[in-house]
Amino acid sequence: MLHAKSLGTDEAWDMYDILVDTYFKVQEEKQAPLTLDQQIAAIATGYGSVKEELVEVKDRVSDLEENAPLSAGEYNYIGSRINQRVAEVARGYGKITREQRGKLFKDINQGVKVVTGVSTRTQLRAKHFDTVVDFTNNWEPSTATKMQLRQMSFDFEE
C-alpha cells in the first residue's frame with residue numbers, strides 16, 4: 001500500500017483507497033466461528049424449514065391420492081356391487097318389470113351422488129370408494145320408490 005501512496009498522484013491515491021477498502025472488506029467478511037449454541041440454533045432453524053416443506057409435500061401427495069380417479073377395477077367393482085344390491089332388493093318384490101328395476105337403479109344412483117357430492121358416477125374419486133361401497137351394502141330404496149314399485153305392480157296386475 002505504501003508503494004501506491006509514495007507515487008503522489010491522484011491515480012496513486014485512488015489505488016490506495018481501493019486497496020484499503022478491499023483489505024477491510026475481506027476482514028469484515030471473515031466471521032468468527034459459530035459457538036455450539038449458534039450451530040445448534042442454525043441447524044434447528046433449517047430443520048424447521050425442511051419439516052414445513054415435508055408436511056406440505058405430504059399434504060399434496062395425500063390430496064393427489066384422494067383425488068385420483070378410481071381405477072378400472074374399483075369402478076367395475078362399484079358397478080357390479082350396485083347391480084347385485086338392486087337384484088337383492090328386487091327379489092323382495094317378486095317378479096318386477098324392467099321399468100321397476102330402472103326405478104331401483106335411479107334410486108341407488110341418486111343416493112351415491114348425494115353421499116359423495118358428485119354429479120355422475122364417472123366423477124367418483126379414490127376417496128369416495130369406501131363410502132360408496134358402504135352405502136351400497138346398506139342401501140334400501142326410499143319410501144317414494146317403494147310406493148312407485150307397488151303402484152306399478154298394481155297397474156301391471158290390472
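Atom set for the values below is all heavy atoms of this structure, side chains included, hydrogens, waters and symmetry mates excluded.
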**Fill in**
Sequence neighbours excluded, the answer for salt bridge (charged side-chain N to carboxylate O under 4.0 Å, His left out) partners of R81 is E88
**Asked** Does the side chain of W139 come within less than 4.5 Å of I82's, by heavy atoms?
**Response** no
**Message:** I'd like to check the side chain to side chain contact (heavy atoms under 4.5 Å, CB included) partners of L64; sequence neighbours left out, ordered by chain and number.
**Reply:** none
**Request:** Show your reasoning for whether side chain to side chain contact (heavy atoms under 4.5 Å, CB included) applies to V132 and L124.
**Result:** CA-CA 9 Å; V132 172; L124 292 174; 4.0 Å; yes
**Message:** Using modelled atom types and a 3.5 Å cut-off, is there a donor and acceptor pairing between side-chain atoms of D63 and backbone atoms of D59?
**Reply:** no
**Message:** Nearest 0.5 Å, please: how far is CZ in R125 from CG in N67?
**Reply:** 7.5 Å
**Heavy-atom donor-acceptor pair, D134 side chain to D130 backbone, under 3.5 Å** = no
**Item:** Which atom of V112 lies closest to which atom of F135, heavy atoms considered
**Value:** N-CE2, 3.6 Å
**Asked** So, the side chain of Q123 versus the backbone of S119: is there a donor-acceptor pair under 3.5 Å, distance only?
**Response** yes
**Request:** Not counting sequence neighbours, which residues clear side chain to side chain contact (heavy atoms under 4.5 Å, CB included) with E66? List them please.
**Result:** K127
**Fill in**
Residue set satisfying side chain to side chain contact (heavy atoms under 4.5 Å, CB included) with S142, at least two apart, ordered chain then number -> D107, A144, T145
**Asked** Would you call L70 and Y77 a side-chain contact if the rule is heavy atoms closer than 4.5 Å?
**Response** no
**Message:** Minimum heavy-atom separation for E65 and A126, please, with both atom names.
**Reply:** O-CB, 3.5 Å
**Fill in**
Contacts satisfying salt bridge (charged side-chain N to carboxylate O under 4.0 Å, His left out) that involve residues 136-147 (not counting sequence neighbours) are R85-E140
**E99: side chain to side chain contact (heavy atoms under 4.5 Å, CB included) partners, not counting sequence neighbours** = T97, M152
**Request:** Flag yes if M147 and V86 sit in one hydrophobic cluster, no otherwise; membership is Ile, Leu, Val, Met, Phe, Trp, Tyr, and two members link when side-chain heavy atoms are under 4.5 Å apart.
**Result:** no
**Message:** Minimum heavy-atom separation for T120 and K113, please, with both atom names.
**Reply:** N-CD, 4.1 Å
**Request:** Evaluate the criterion side chain to side chain contact (heavy atoms under 4.5 Å, CB included) for residue pair I108 and V89; output intermediate values, then yes/no.
**Result:** CA-CA 11 Å; I108 195 169; V89 170; over 6 Å; no
**Message:** Do I78 and R121 have side chains that approach each other closer than 4.5 Å (heavy atoms only, starting at C-beta)?
**Reply:** yes
